[in-house]
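The structure appears below as structure tokens.
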Amino acid sequence: MKWQGRRQSDNVEDRRSISGGKVAIGGGVIGIIILLLNVFGGETGQTVGNVLEQMQGGQQTTEAAAPLSKEDEALGQFVRVNLADNEDIWGKIFAENGLTYKNPKLVLFRGSVSTACGGASSASGPFYCPGDQKVYMDLGFFEELKTKFGAQGGDFAIAYVIAHEIGHHIQTLLGTSAKMREAQEGKSEAEANKLSVALELQADFYAGVWAHYNQKNLDTGDIEEALSAANAVGDDAIQSKMQGQVVPDSFTHGTSAQRMFWFKKGFQTGDIKQGNTFDEIR
């Protein structure tokens with residue numbers, strides 16, 4: 001992705017030099033499962049974090065945060081550029097539809113962090129907290145994703161995750177998240193999960209819309225990187241690796257095919273009115 005020398009957002013809180021308490025990531029199959037689950041933690045990431053802590057047997061280290069290296073600084077600049085792109089694109093889209101876009105904050109941390117949604121660790125993965133309208137990310141995860149998992153690496157995997165989490169912010173601003181939670185009340189677990197899937201797929205769609213309007217800054221292969229990540233974190237792919245079988249009623253994020261489909265639809269159309277994933281899952 002072309003990002004050097006471009007506008008950087010002022011809405012990034014970099015807490016990497018003050019965060020502490022790093023959750024240890026296991027190796028082998030468990031490590032791969034953790035990486036898969038981490039990519040998109042949803043709106044709060046709390047459920048994912050709890051699952052991971054159980055899988056890890058509570059294993060933790062308590063390292064003091066290290067000073068930022070030149071690579072850390074460059075990665076922070078890359079994140080700021082991506083957030084700026086989201087600000088510009090979504091500000092324009094909202095204005096064109098007679099709406100006002102409110103910029104979210106993005107918090108970079110290491111190990112653990114306090115949020116309006118409660119405490120969270122690296123194991124929660126990147127997530128959006130509607131309580132304070134902030135995206136939280138431990139960037140150390142992306143190196144693990146690139147080196148330990150078979151999906152394509154590359155900087156656009158980070159850009160895609162940021163855009164997905166901003167998608168949850170869009171849903172908060174539009175009232176979609178609140179309506180979804182209301183609709184889940186009184187539903188069976190399977191029906192409530194379907195609504196959760198629709199919310200996540202719509203965030204993938206919004207990520208695709210962002211990419212559609214940001215094509216001038218994309219490099220060859222960027223979209224393939226995003227689709228590779230979406231394929232890797234489908235519920236069916238995760239469950240197959242975790243438990244050797246797939247249980248559709250327990251899906252909360254969508255299948256690999258669904259996640260790729262909705263990202264591609266957003267990218268190809270650039271039309272936010274075509275992202276009604278809730279009608280599609282009924």
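As a basis for the values below, the full set of heavy atoms in this structure was taken, side chains included, without hydrogen atoms, waters or symmetry mates.
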Margin query: Please determine whether side chain to side chain donor-acceptor pair (under 3.5 Å) holds for the pair D132 and Y136, giving the CA-CA distance in whole Å, both sets of side-chain angles, and the decisive distance to 0.1 Å.
Written below: CA-CA 11 Å; D132 54 22; Y136 293 87; 2.5 Å; yes

Next item on the list: Output yes when D155 and K2 qualify as a salt bridge under the 4.0 Å nitrogen-oxygen rule, no when they do not.
Entry: no

Notebook entry, point to check: Backbone N or O of S121 within a donor-acceptor pair of the S112 side chain at under 3.5 Å?
Noted result: no

Checklist line | Check: V107 and V135 side chains under 4.5 Å, non-hydrogen atoms | finding: no

Next item on the list: Would you please indicate if the ring centroids of F205 and H212 are separated by under 6.0 Å?
Entry: no

Margin query: For a 4.5 angstrom cut-off between non-hydrogen side-chain atoms, does L83 reach N103?
Written below: no

Item checked: Pair R16 + D14, salt bridge at N-O below 4.0 Å -> yes

Notebook entry, point to check: Can you find a pair of side-chain heavy atoms, one from I162 and one from W210, that are under 4.5 Å apart?
Noted result: no

Notebook entry, point to check: Quick one: CG on L199 to OG1 on T277, what's the gap to the nearest 0.5 Å?
Noted result: 7.5 Å

Note to self: Quick check for you: to the nearest 0.5 Å, what is the distance between F156 atom CZ and W3 atom CH2?
What the structure shows: 15.0 Å

Next item on the list: Keeping the roles fixed (side chain from K194, backbone from A190), state whether a donor-acceptor pair exists under 3.5 Å.
Entry: no

Note to self: Quick check on side chain to side chain donor-acceptor pair (under 3.5 Å): which of Q258, K265, H164 does D204 satisfy it with?
What the structure shows: H164

Next item on the list: Decide if atom CG of D219 counts as having more than 12 heavy atoms of other residues, nucleotides or ligands within a radius under 6.0 Å.
Entry: yes

Margin query: What I want to find out is whether K70 reaches E73 closely enough, with some N-O distance under 4.0 Å, to be called a salt bridge.
Written below: no

Check: Can you find a heavy atom in the side chain of E13 that is under 4.5 Å from one in the side chain of L108?
Finding: no

Margin query: side-chain contact (heavy atoms from CB on, under 4.5 Å), that's the test. Do Q133 and C129 meet it? Break it down for me.
Written below: CA-CA 6 Å; Q133 297 190 5; C129 174; over 6 Å; no

Item checked: Side-chain touch V113/R15, heavy atoms, less than 4.5 angstrom -> yes

Next item on the list: Please tell me if the side chains of V209 and F267 come closer than 4.5 Å, counting only heavy atoms from C-beta onward.
Entry: no

Notebook entry, point to check: Is V197 close to H253 at the side-chain level, that is, under 4.5 Å between some pair of heavy atoms?
Noted result: no

Note to self: Just to verify, what does S188 make a side-chain hydrogen bond (donor to acceptor under 3.5 Å, both in side chains) with, not counting sequence neighbours?
What the structure shows: none

Pairs of donor and acceptor atoms involving the side chains of residues 84-97, under 3.5 Å and at least two apart or interchain, shall be tabulated with distances.
residue	atom	partner	partner atom	Å
D85	OD1	R6	NH2	2.3
D85	OD2	R6	NH1	3.4
D85	OD2	R6	NH2	2.9
D85	OD2	N214	ND2	3.3
N86	ND2	N82	O	2.9
E87	OE1	R7	NH2	3.0
E87	OE1	S9	OG	3.4
E87	OE2	S9	OG	2.6
E87	OE2	N11	ND2	2.8
D88	OD1	R7	NH2	2.9
K92	NZ	E96	OE2	2.4
N97	ND2	I93	O	2.8

Notebook entry, point to check: Are any side-chain N or O atoms of N193 and backbone N or O atoms of D249, one a donor and one an acceptor, separated by less than 3.5 Å?
Noted result: yes

